[in-house]
Amino acid sequence: MSRNGRGRGAWRLGMLIAVGALAVAVAATAGQARKGQGGYTLGLSNTLVGNGWREGQLCAFKAQALASGKVDSLRIAHRATDTAGQISDIRAMISAGVDAIIINPSSPTALKPVAAQARARDIQVVFIDQYVSAPGVYNASNDQVAYGRLGAIWLFKKLGGKGNVVEMRGIAGVPADTDRHKGFQQALKAYPNIKVVKSVFTGWQFAPGAKQMLDILNSGTQVDGVWTSGIDYTVVDAFKTAGKPYVPVVGADNYGFVRQLKSRFPTFQGAAVTNPSSIGGVGAAQAIRLLDGQKAPKWIKLSPDVWTWPQDKASINKYARAGAPADASAQLQIPPWTTYTLKQYAACKGP
Amino acid sequence: MTSATVTAHEYRGVPAWRRNLRLHGWTIGVWLVLLAMVPYWRSLSQQSFEFDIQALAIDALPLCFAAMAQAVVVISGGIDLSVGSLMGLMNVISAKHMIGMSFREAILFSLVILLLSALAGGFTGLVITFTRIPDIVVTLGMLFVWYGVGLWVMEIPGGGAPQQFYDLALGSIGSTQVPGAMVIVFAALVVLWLPIRWLRPGLSIYAVGSNRNAAYLSGIGVARTRVGAYMLGGVFAGLAGLALTATAGIGDPNSGSIYTLNSVAAVVLGGVSLLGGVGGLIGPIAAAYILTLSKTILLIRGTDPNYAAVYQGILIILVVVIGGLLSRKTHR
Amino acid sequence: MSGDETPLLAARDIAKQYGSVLALRSADLSISAGEIHALLGANGAGKSTLVKALSGVIRPDAGTITVSGTSVRPSSPRQAARLGLSPVFQDPALVPDLSVAHNLRLTGTSVEAVRANLASMGLQLDLRELVDDVPLPMLRMLDLARALAQDPQLLILDEITAALPSDLAERVFTVMRDWRERGRSVLFITHRLREVINTCDRATILRDGVNVATVVPQEGGEAEIVEIMLGPEAARAEERAAELTEQEAPVRAPVATATEAEVVLEADDLHLGSVRGISFALHPGEILGIAALEGQGQDELFEALAGQRKPERGEIRLRGKPLRARHPFDAIRRGMVLPGARCDVSRAGTSRRSRSPAGSHRVSRYSSATTPLEASTWARSGRCTVSFASWPRMGQRSSSSAPS
Amino acid sequence: MTAAPETVERESRLRALQRFLTDNPVVILVLVLVALFVVTEVVNRHQVGEPFVTWNQISTTLLVAAPLGMIAGGQTLVMLTGGVDLSVAYTATAAAFAISWQGTNGTLEGILAGLLVGVVIGLANGVGVGVFRVNPLVMTLGTSSVIFGLLSIYAGQAFEKRIPDVVTTLGRERFHTYLPANTLLWAAVAAVLVLGLSYTGYGRMLFAVGDNPLASRLAGVRVWQVLVAVYVLCGVLAALGGLLLVGFTNNPDLSLATSYLLPSVAAVVIGGTSILGGWGGYGGTILGVLILTVLGSLLTLLDAEEWERQVIYGSIIIVLTAIYARATRSD
């Protein structure tokens, strides 16, 4: 059988090409000049796109970089990907020679090795939104356990410690969801007469969340209060669609929800637990401070506020702008860290 | 030799170079494109060659295997929309159990994973051949099923594997600069694919994809071959899942989802015809590297990497359009 | 020939039903060792179904098959080959995207034997060639060479000569005779009675799924065989038709010459694919027949006439004006209709389904559906009002015999 | 000289039933839908002691199903031609964004902009598939990648949005308590699709093209025009789906319609339209949409874990298609 020449030929060809690729690549390795100290280059890595919160985080990051006046250019990896993809993005940023990387981590543990690689090259690393513990890195995050707990406590108190509650979670398996659920459970322990009649995952999507609420309401289940992981204003609307009286709802500081708090009072009452997406700006500010050689806290931990109408009229009025997208986070400024103007934020343009 | 009136059908045949161009031209072209990208990439990068080539090899590892998994199935005339969720499932199973293991146990367990994923792929193939529902529908259903099972195995990302297991993918071979991740890909190609590629099982896969009827009349067990192709695809998906565990370091039930469509893209760019029977695995590997590298290049340049999605979409369409025009021209 | 010894192959009461169509009612076939046996019958008589049952492509609903006295149930072509039954089907069983050598390896055939067989037929072929590149007659011969290489007891040839030029067909007959001399048998299916009378020892004739007779062809002659094949009445009708044409032919010829100035359709030096310089003229009231073996360019010619493909050179004129159709639509608008009969261009393989048996099944259904009348009605009205009267209703599925 | 094929005189009862189902595949789906309603009713009575099947619930089911019904409508047309459109979700999302951006200029502008987006994307798909013969899977995968990229780049930038009141009314209001506005629009579209597919030349050409493009072409059908038109229609229907969705949520976001992509394919497949093209229809798809919607409600009521939901969802696609294929296979 002398007829397998084609197969061997193809294989030989493949090997040749592979070896050739390596050779050319080696030859192309030019000198690596470390870039000058003209200005900083910041990187942002984010793996979840498509919701207003993450878009707000990106805009805050860009606006803060611009407002600081110390940043020359940005490398932004704001795309839907998984942990492996995020690691790959971070490596690409290392190759691009950034001075600091701000990371919204997709996993609390998996990014440690690549963070160490960055630190070994003297690149500052700041994790935002979710806490990551690793040597030499900085954190800026909202306290998600507290987020779950504070909102739940408000709700349970509002119900007088007794009644049927629906828990509307986010995406199964995402750390923030797990942490919030943990907080919710902590609060639940103190209120034995609160019954969780339904616990559903909304996937952090507004339309399916509303559908689930409609189903629950139509099933005839007695619902006295709803805790949501931020899928809030469509849930409130679901009561209206179903023709049922409003019950207290806990949501996030989304514009849509905040506007409802204000405009539908007193028939509808709820609480917005702040989870500012401006954390992106905080991360940028923290990184710039580190690059400037100043000291910065290892962990900027933001405790959520609970806004209710009319008690927190001032905050709500400050942020509840009419034209803003309903799913964007309302709390735009986190003093003293963010220094951008609202206009810079709205423009969503970096340096 | 009776050469009385034969002249009319003394068939001259197609010149060898044209045949080879048709068979291997695309693969060579894809590798040349990859080669052409390398100098540009290096000129942008601020890091050493070792770091960059390592990074590329590691980043592309899961996609390489996903593309190989998809390629085998597509060559057999099917399409597997469940590649991503199957690799996600294997990712969580491995990460859940390997975390406390020694290196030796982890390697043995990897074999169990490959067996499991082969069975899972075989199951998909069996459902397809048994019910005679089109591949795309069954694998669409299996996409949900494997994802669901993955969530059941591990709801929250976590787990891990022994450090030496990570080092298999993250390290280099000995003291050379050859990245382990790249060696693994080619080793899998050599061990799993090439031995069967030119023997009856491999040829059967091509035959079934090329013309199912002719293959059946040639005496090939069509159903058996298709199930076999899905099993082999399953093995590669299992490797992709293990690659995710090694490169991401954890198990994540959601991690596989982006690989299904990317694997289709890599297969198309790699010269495998979606009609089946044409192409190989070497082309899709190059395509996987190209897709990974183009994203990296955009990011290093400071372009919004979402343009990568735009460019990738346009590129896939253009490649198929041009490929279609070329094949139409050379075909007659 | 036949004698009392156990026949090499005996099939009894074979029946097969597809959906509601009874393809074979009860067919018997007995082939002795060392004979060339013809299987005859009109279209739809069940010849192909019987061949498929013998070669394991389909499983008959009823009946028994014995090979040298042992009862067998071939369930796949492969198993049939093991029993010593090697078929050469109407469509070559060669995979288009693989090379010839790989096709041989796929079936576990010895390359040397195939090459020797080809050489003995005076043919040469580079086995690295892709099957897709090899012309159809050559593929038939290759398929035959491959079947011979398996050294079968019974060689089954299903209309192998239909697509072969006469010299190649001659070589096939030589092979058949050689095979008989070696004491092996051949089952030969063809439409050409001349070939049967010249070559075959016995012939079994099928009609409507039942075998009606087994004859010795040399003794009966064509007329008798036709009568058995079609039944007495149909055969007489056929005869009358033949007489009529003969009578009318001389009458019609002058008509054509008289209106020579008026040409409806004219092809002038057409070049396209294997069509090399075809010219003809068609006059009003005339029926022009085009005779060719399978794959000799008639497909391309019809495609050009239908506006499906553009000729490389030459011109088609309709009533004197050139037809520059870029689409069948243009041709239909000008009053030229190709009633979809040639749409199963299986080797062109434009879509996955046109390659699969299920696809070709459906193709044949549509061929009859798109009648010239409908199409021309549509063309005249110029709007999309064509009524595909026999398109299946929604939700209706065709039976698919595709191996999964 | 053709011998007439013999037809079988006597049919067994089973075969007769099979034949009936073959001609009326919709019957199976109706049975499944009714069964689902019954199971949900039983579950709900057991759990809460209240009936589930109320006018209110039926009305809500329709309200929730309408956007999917729109998107799956386009998907049905495309799948009848043997294609598949994976860009419907992002087309719907893009249309929603267009409506909310142009909504600041006026109601009509907003709606027209949304539909225009659908037309443009559909045109791109149609030209790719019909003229350049790109595999539909690859083509629509490519365009959806492009749309998604462009949306991610530009969606974050535009800050001022306004959803026209007509759109929100269409999206979530009900007339006479039980009649959702979006269902009226859906019913109108459904009537056009069902009647159009069976009674117009274009409808029949769709089946013809899906069944055998080459034969259709030889019969004088300009296949590429049919394909372009079908993808444009699909784009417009997806845009209408986006319109209803954005009316329902009152705010566009990038993931607005992503959860409708695979269900749109699933609904069509469950509805008995062949993914290979050539047979099926919108009637089945409507039932498929309703089945998926009721199934979702049932799983919510059952407090199903996310993994159970996914596994059941996947299994039902396979099992229903298998049952369907088995029942309608004539041999």
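For clarity, every value in this text was computed on a predicted model and none was experimentally measured. The sequence lines fix the lettering, A, B, ..., with proteins before strands; numbering per chain opens at 1.
Atoms CG and CG, on B:L275 and D:N135 in that order, are 7.0 Å from each other to the nearest 0.5 Å. Between atom CD of residue D:E305 and atom CH2 of residue B:W152 there is a gap of 12.0 Å, rounded to the nearest 0.5 Å. Here the straight-line distance linking atom CG of D:L137 with atom CG of B:L81 works out to 7.0 Å at 0.5 Å rounding. Taking CD1 of B:I136 as the reference point, atom CE of D:M79 lies at 8.0 Å (rounded to 0.5 Å). Note: D:T143 OG1 to B:I314 CD1 = 10.5 Å, rounded to the nearest 0.5 Å.
Per-residue heavy-atom pair counts under 4.5 Å with chain D were compared for B:L143, B:V138, B:V137, and the maximum is reached by B:V137. Between chain B and the residues D:V269, D:L262, D:L150, the most heavy-atom pairs under 4.5 angstrom are made by D:L262. Chosen from B:L261, B:L315, B:V268, the residue pairing most often with chain D at heavy-atom distances under 4.5 Å is B:L261. Each of B:V321, B:I316, B:V153 has some count of heavy-atom pairs under 4.5 Å with chain D, and the biggest count is that of B:V321.
For D:V134, the parts lying under 4.5 angstrom from a heavy atom of chain B are both the backbone and the side chain. Within the 4.5 angstrom heavy-atom criterion, only side-chain atoms of B:V264, from C-beta onward, approach chain D. Using a 4.5 Å cut-off between heavy atoms, D:I318 touches chain B through backbone and side chain atoms alike. Heavy atoms of D:L141 lying under 4.5 Å from chain B belong exclusively to its side chain.
Shortest non-hydrogen contact noted between D:A322 and B:T131 is CB-CG2, 4.0 Å. What you find for D:V146 and B:V310 is that their closest heavy atoms are CG2-O, 3.5 Å.
Between D:Y313 and B:F144, the ring-plane angle classifies as perpendicular under the 30° and 60° cut-offs.
A heavy-atom distance below 4.5 Å is found between the side chains of D:M139 and B:I317.
A side-chain donor-acceptor contact under 3.5 Å links D:S145 to the backbone of B:A309.
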